[in-house]
Each structure stands twice: as structure tokens, then as C-alpha cells.
Amino acid sequence: MNIGELLRSFPELTVTGVTQGAIYALVALGYTLVYGVLRLINFAHSEVFMVGTFAALFTWGLFGLDSNTERPSIGVALLAILAAIVVAAVTSAAVALLIEVTAYRPLRHRNAPPLAFLITAIGASFVLMEVAGSLTVRRPFGVPALLPSKPLFDIGGWAVTPTQVTTVVVAIAMLVGLDYFVQKTRAGRGIRAVAQDPNTAALMGVNKSRVIALVFILGGLMAGVAAVFNDIKTGSTKFNVGFLLGLKAFSAAVLGGIGNLRGAALGGLLLGLIENYASALFGSNWRDFVAFVALIALLMFRPTGLLGESLGRARA
Amino acid sequence: MLLEIDNITLLYGRIQALHGVSLNVGQGEVVALIGANGAGKTTIMRAISGIRPVASGKITFNGEDITKVRADLRVIRGISQSPEGRGVFPGMTVQENLDMGAYTRRDTKEIAADLERVYGLFPRLKERRKQAGGTMSGGEQQMLAVGRALMSRPKLLLLDEPSMGLAPLLIQQIFEIITEISKQGTTILVVEQNAQQALSRADRAYVMETGRIVKEGNGPALLDDPAVREAYLGAA
């Protein structure tokens, strides 16, 4: 154990942890939204994220930016990021909707048992991953340099780069926007109604199929935004980039209380922090190990996660 | 007839819950459906609102065949239900629950007027408008479920056991409100275990036993029927 390292690097670890946590949180929302309405773990959500990372790369290609080009001016960089957010979010949402319509909806119409959905989810995940793998000849793709790497500010060791600021600010904006949408709009009320009591929701005139499609779209939008910032943060992407990240984001959703939107955000943030502190304490090889041990330990004491309640029961 | 049910059967898995049930509800009527636990009363309600598909038979509403119409679309056609067990959304406030009742409507001004009408019928709901539905008492949840069902401005209001679990004074009160709703022009089909109240307030009534209609007649007449009195009113 290296407590000295943890104390010395505490500010930096916190900043990187929060940034990583913001990405986990955005992806975790997709798991939690779908779970809240369908009681289904959509394992294919990791691939929704993966497609987003390539959609962002494609967008930057349109700007003439690739891993070999010079860093563009800050204005061009921000414009390229904004464009990538839009393209990746829309693409990921489209893929999420495609999964729902082609994989899950037919099962629902046949009243398939829950296990059939689970196997289908895993199957859809592998299909998408392998298709992406063969299209990209399973090689990694570098991400263009966009934002300056020089810290934006540095107060007593708390150095924060433009990338980290942008990631966290956009993630917070998305979280607040989603929370508002679910709590305050008519469509959001429909989502909560189906999550709380699907039969009564139908008696109110809520079209369940439409609500289900909507949660897949919302989850996809969030995952697409996360994908853009994961590209920028890690500097590359690959056909299997969604696998471990998806697993972590799902864990974050469980950590916060699956089905609970604010829980997913909190779980993501905590997981990001735990990972970074753990890699300082025990070495980076132990990062994932410690993160999952922490998850299991927490679930022993709080089996329903930190915030516990489902999307439906969570109070406004 | 506003609602015509013609010879419907319904299955829960392999168990047949309804064996060829036919019943009618005319425009402006209050019709009661009574019978013991498990007789199939709630199942009929679910078939009418479209929550459970029927295996055979036909349901006609307002002259149109709605047998295959999805539940949410039946709401738009004018069928509204206060379900068994109330179905109050526990995580939504009273106000949000009532807004859910008007989910299919876009006429904001009219919705606001109907909200005031419901608050007029149930002043208690107005006092508690910001409270979460799940934290209300059984009687308050019942009022909320009935009020919410009115918010879609239904042509036909289905009430499933509105008196369930309520204190006698509240039962009296909720039936007075049902009569009031009927006077305001809404057609009502009410399922009840409290046969005394239901029969004395209904224009007509049906008696169910094990998935079949065994008797029908006007409310007060059934109230005097010796067999009905013995089976459902605890009198010899």
C-alpha cells in the first residue's frame, strides 16, 4: 500500500476520478433508464457507446482532423467537439433504438421469459462488437489532438486541463437536462408512470411501446456524449472499447441503485474516484480489482445500492 | 348502448376466467357488477379497458368494435378506469397523479377546469396536492384513483371496488360522490363487494359467479331478491 502516493497525488487523482466518473455516469444512465422501465439489463448498451466513439472519430475526419494532424485552434476544436457530440449522440441513439426494435420488441410481443431477454442482450452485444471488429479489422484508431493539454488552472496542485473541464461541464449539463426532462415534461411523466406501474400507465393512455423506445433513445444520447469524451480522454478507440467500460458503467448504476437516475450519476462519480485512489494506493494493475471489491462490499451492506429506489419510486 | 359485451371468454394461462360473459351499459346508466371474490368481476374490467386480451367474443363501445384495440387507445375513445388496488403512482404527487389522468389530452384550459372539478368533488385531494401518492391513506388513494379516472373526461367510467378497505363513513361518502358524478353526465360501471350500496344506487346490476353472469335486473329489485340477499347481503 502506498499511502504517501495517494496523499501526494490526491488533487490530481480527484480531478481525473471526477472526469472518469462523469463518463461512467453518462453511460450508467442508459442502463438505469432501460432497467427502470423494462426490468431488463441491456448489455448491448456497451456497444451503443462503442458506436458513438467511432461516430465521433468519423465527424472529426470530416473536419480534416486525424491522429496525425496538428492541434487546431481552440475555436475549431470546440466546434469539432460540438459537432461530434451531436453526431455521436444521434448515431448512438439510433443504434439503441435499432436494438430495441429488432431484438427486444419481438420478444415482448411473444411474451418471452426474462431469461430470453438477457441472452438476447448478451447476443446483441457480441453481434455489434464483432461487426465493428471486422469493419475496423480489429485495430485501434487514434483520436486527433483537440484541446490544449496545458492545465487551464492550477491551484496548489489542483491542475485541471481544458478536456477535464469540458467533460465535466457537458456531463453535468446532460444530467440536469435529463433530470428535468424526466421530472417535468409530459413525456417524462409517461416514463415514470410506466416504471412505477405499467398496467395503470396504459389505463392513463400511455403508449408503452413509445415510452420504451424513448428510454432507449435517451440512453443512447447520453452514451454518445460519453463516447466523445472517452475518445478525447483516452486518445484512441477500438471495436471492444465498450466492453469493460460498459461493465463498469453498469456497476456504477448498480452502485447508485439501479433504476434511479440520480443514483446512476452518483454511482458513476464514486466509481471513478475509487478507481483512481485505488490505483495510487495499490498500483494501476489493481484498479479494476479494487473497484469491483468496493462494489461487492457496498452491496453487502446496501443491497439496493446507495440511493436504492427505482426510477419509478424516486421522489422528485 | 354505450358498451356492449358479447359472449367474451378470457384465459389466464390455462385457467379460464370468463365463460362467455355478455353485458350492456346504456348511455347515462349506473350499472353494478357484484359477486364473490374470484367470480371474475375484475377480469371483466380488465377486458373492457384492454389490459387483458379476450380469447373470444366481442366488445363494442360507442358503436365501434374495440375488441382488438390497445388499452391506451381505448382511453382516447373514452373509457377510463379506477383499477383494483387503486393503482396510484406512489412516487408522484397527488397533482402529478391527476395530471396522468389527463395524459391523452392537450386542451390545457379545459384540463385546469376539470382539475378544479375533481378538487371540488374531493377537497381532501386539494389539501394534499403536493404529497406523494404512496404516502396517502387508503381512503385518500381511493379518492385519488377515482378523481384521476375522471381527468380523461371519460364517456364510460369503470370503478373497480371503490369501497375496498374503507371505513363505513368513507364508503357512504364515496358512493355519494359516484352518484354525483353520474348526475354530472358520466356513464358508470362499478364492480363492488359491498352489494348493499352498489345495488341501492345502480340503475341495473349483474350478479357473477365463477366466470359467468348468473342474474341481472334493476338494482333495487335485486336488492329484494332472496337468493341475492342470502349470498351477498348476509341476510337469510
Handout entry: Contact origin within Ile51(B) toward chain A - heavy atom pairs under 4.5 Å
Key = side chain
Exercise for the section: Measure the shortest side-chain to side-chain distance between Leu203(A) and Pro83(B) over non-hydrogen atoms and say whether it is less than 4.5 angstrom. Expected result: yes
Problem - Spatial distance of atom CD (Gln81(B)) from atom CG (Asn199(A)) [nearest 0.5 Å] - result: 9.5 Å
Exercise for the section: Check whether Ser152(B) gets within reach of chain A through its side chain, its backbone, both or neither, counting any heavy atom under 4.5 Å. Expected result: neither
Handout entry: Beyond-backbone contact of Met100(B) with Val206(A), side-chain heavy atoms, under 4.5 angstrom
Key = yes
Problem - Structural part of Arg52(B) lying under 4.5 Å from a heavy atom of chain A - result: neither
Exercise for the section: Would you indicate whether Arg105(A), at its atom CZ, is surrounded by more than 12 heavy atoms from other residues, nucleotides or ligands within a distance under 6.0 Å? Expected result: yes
Exercise for the section: Would you give the length of the straight line joining atom CZ of Arg186(A) to atom CZ of Arg105(B), rounded to the nearest 0.5 angstrom? Expected result: 12.0 Å
Handout entry: Nearest heavy-atom neighbours spanning Phe89(B) and Thr200(A)
Key = CZ-CG2, 3.8 Å
Problem - Arg70(B) portion near chain A, given a 4.5 angstrom heavy-atom threshold - result: side chain
Problem - Max heavy-atom pair count under 4.5 Å with chain A, selected residue of Asn97(B), Asp99(B), Leu73(B) - result: Asp99(B)
Practice task
Any chance you could measure Arg148(B), atom CZ, to Met204(A), atom CE, to the nearest 0.5 Å?
Solution key: 3.5 Å
